[in-house]
Number of protein chains: 2
Amino acid sequence: MTETPDPAPIPHTGPQGAQVAFLLAQLGEHATQAFTRRVAELDLTPAQAGLLRAVSLAPGQHQQELARRLGMSPSRFVAFVDAIEARGLVERRRNPKDRRFQDLYLAPKGEEAMRGLAEAALAHEEAICAGLDPQERIALGALLRRVAEAQHLTAGVHPGYRRLDPGRGGA
Amino acid sequence: MTETPDPAPIPHTGPQGAQVAFLLAQLGEHATQAFTRRVAELDLTPAQAGLLRAVSLAPGQHQQELARRLGMSPSRFVAFVDAIEARGLVERRRNPKDRRFQDLYLAPKGEEAMRGLAEAALAHEEAICAGLDPQERIALGALLRRVAEAQHLTAGVHPGYRRLDPGRGGA
DNA sequence: TATTGTTATACTCTATAACTATA
DNA sequence: TATAGTTATAGAGTATAACAATA
């Protein structure tokens, strides 16, 4: 009989050969989904949260610059910003020195959203780290930073924005 | 020219509030992409690798059972298996006791692919853990397992198979 | 002429739902 | 009648490429 001999689910990688790598992929996916649900309570997607944060960090960037950073095509970025602007979270302003540019600024409602996002991020961190004591969290953070550094992910690659690099479809 | 005032990229989460959670998301995405490129050298996608592994672990499961485990809809699973069967990696066999079932078995070329995947998984693990010494790898694995356990991810949720839970789009 | 932003078209991917065979 | 598998249709999401405005 077949009767599902082992009910253990199927990781995409052999747990024997790739323990840490698989755990990272699994937990990363989980963390991303959890964050997605959390910002959904603020009626935001992770990409929208990323844009608000980017604009908040450096107001006045123009669209193509932001699109490139978020890994979006310029054409997609237009509709993306349309929706956020329609909700009054960001403002487009023509750059007076070069009227081709549309510079983005945080609107008052956008700053309010940023405060909500900061709270959400804290709660998210707390939820993900549940089960670890403060020392362990520090140790884990340090190890993860080491790995990220070794992988040359020095700052941030904004997971979840791009689908797959078009130039990577090797072999 | 605007000259990109600060070259710092944009994480989707504030690095202040969510250090560990963000690192997990970032590294998980990175690990998944690296694995995707690696199995692409074997002309496989992560989902295909997952199916081969699932069939290898428990031969003779029928399609809907496998589809459910991999988080795919049955209809999508058909074309998915078609491609893998056409390449001679798996075999469909009608279950003689109940001819409605199509049971899946690994074909000889599929077993060969599994050996290649085992090698790839080892190399992948090594690449991801580069920069950590053996003790640190053990420590990191232990911490990650603790987190996974606390999140009730006891075994494996096969990241990268599903796009987003359809029932999760909460307000 | 070159570049930003925008729009329009086409394409890929996926799920929903109808259909066939078996029980 | 109910279930496994299959097929067909429709929908969402995306990128590529054409277009308009500004430099």
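The chains referred to below are lettered A, B, ... by the order of the sequence lines, with proteins before strands, and numbering in each begins at 1.
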For this session: Could you tell me the separation between the CG atom of B:Leu66 and the C1' atom of D:dG5, rounded to a whole number of Å?
Result: 13 Å

Problem set entry | Among C:dT16, D:dG5, C:dG5, the one nearest B:Gln64 by side-chain distance | D:dG5

Problem set entry | Axial bend angle, the helix from C:dT1-D:dA23 to C:dA23-D:dT1: five-pair end segments, nearest 10° | 20°

For this session: Please report, rounded to the nearest Å, how far the P atom of D:dT6 is from the NE2 atom of B:His62.
Result: 12 Å

Exercise. When the distance from CD of A:Glu85 to C1' of C:dT6 is rounded to whole Å, what number comes out?
Worked result: 13 Å

Problem set entry | Length of the CZ-C1' vector between B:Arg76 and D:dA8, whole Å | 18 Å

For this session: Sort and list the pairs that fulfil side-chain hydrogen bond (donor to acceptor under 3.5 Å, both in side chains) and have at least one residue in residues 134-143 of chain B, not counting sequence neighbours.
Result: A:Arg146-B:Glu136, B:Glu126-B:Arg137

Exercise. If you check the B:Gln102 side chain, which of D:dT14, C:dT6, D:dG5 turns out closest?
Worked result: D:dG5

For this session: Calculate the interatomic distance between B:Leu70 atom CG and C:dT14 atom P; express it in whole Å.
Result: 13 Å

Exercise. What integer distance in Å separates B:Met72:CE from D:dT6:C1'?
Worked result: 16 Å

For this session: State whether the side chain of A:Gln63 and the backbone N or O of A:Val78 hold a donor-acceptor pair below 3.5 Å, judged by distance alone.
Result: no

Exercise. Is it true that a side-chain atom of A:Gln151 and a backbone atom of B:Ala127 form a donor plus acceptor pair closer than 3.5 Å?
Worked result: yes

Problem set entry | side-chain hydrogen bond (donor to acceptor under 3.5 Å, both in side chains) partners for A:Gln102, two or more places apart | none

Exercise. Pairs in or reaching into residues 103-116 of chain A: which pass side-chain hydrogen bond (donor to acceptor under 3.5 Å, both in side chains), with residues at least two apart or in two chains?
Worked result: A:Asn95-A:Asp103

Exercise. Just by protein heavy atoms under 4.0 Å, how would nucleotides 17-23 of chain C read 5' to 3' in B, S and -?
Worked result: B----BS

Problem set entry | ILVMFWY network linking B:Met72 to B:Leu44, side-chain heavy atoms under 4.5 angstrom | yes

Seminar exercise, completed: In terms of heavy-atom contacts, B:Pro74 and B:Ala67 come closest through CA-CB, 4.4 Å

Exercise. Is there side-chain contact between A:Arg53 and A:Leu117, with at least one heavy-atom pair below 4.5 Å?
Worked result: no

For this session: Return the 5'-most residue of the pair A:Ser73, B:Ala79 with respect to DNA chain D, ranking by each residue's nearest nucleotide.
Result: B:Ala79

Exercise. Rounding to a whole Å, what distance do you find between A:Phe77:CZ and D:dA15:C1'?
Worked result: 16 Å

Seminar exercise, completed: Taken to the nearest whole Å, CZ/B:Arg93 to P/D:dG5 is 15 Å

For this session: For B:Arg100, enumerate each residue passing the side-chain hydrogen bond (donor to acceptor under 3.5 Å, both in side chains) test, keeping only those at least two apart in sequence or located in another chain.
Result: B:Asp98

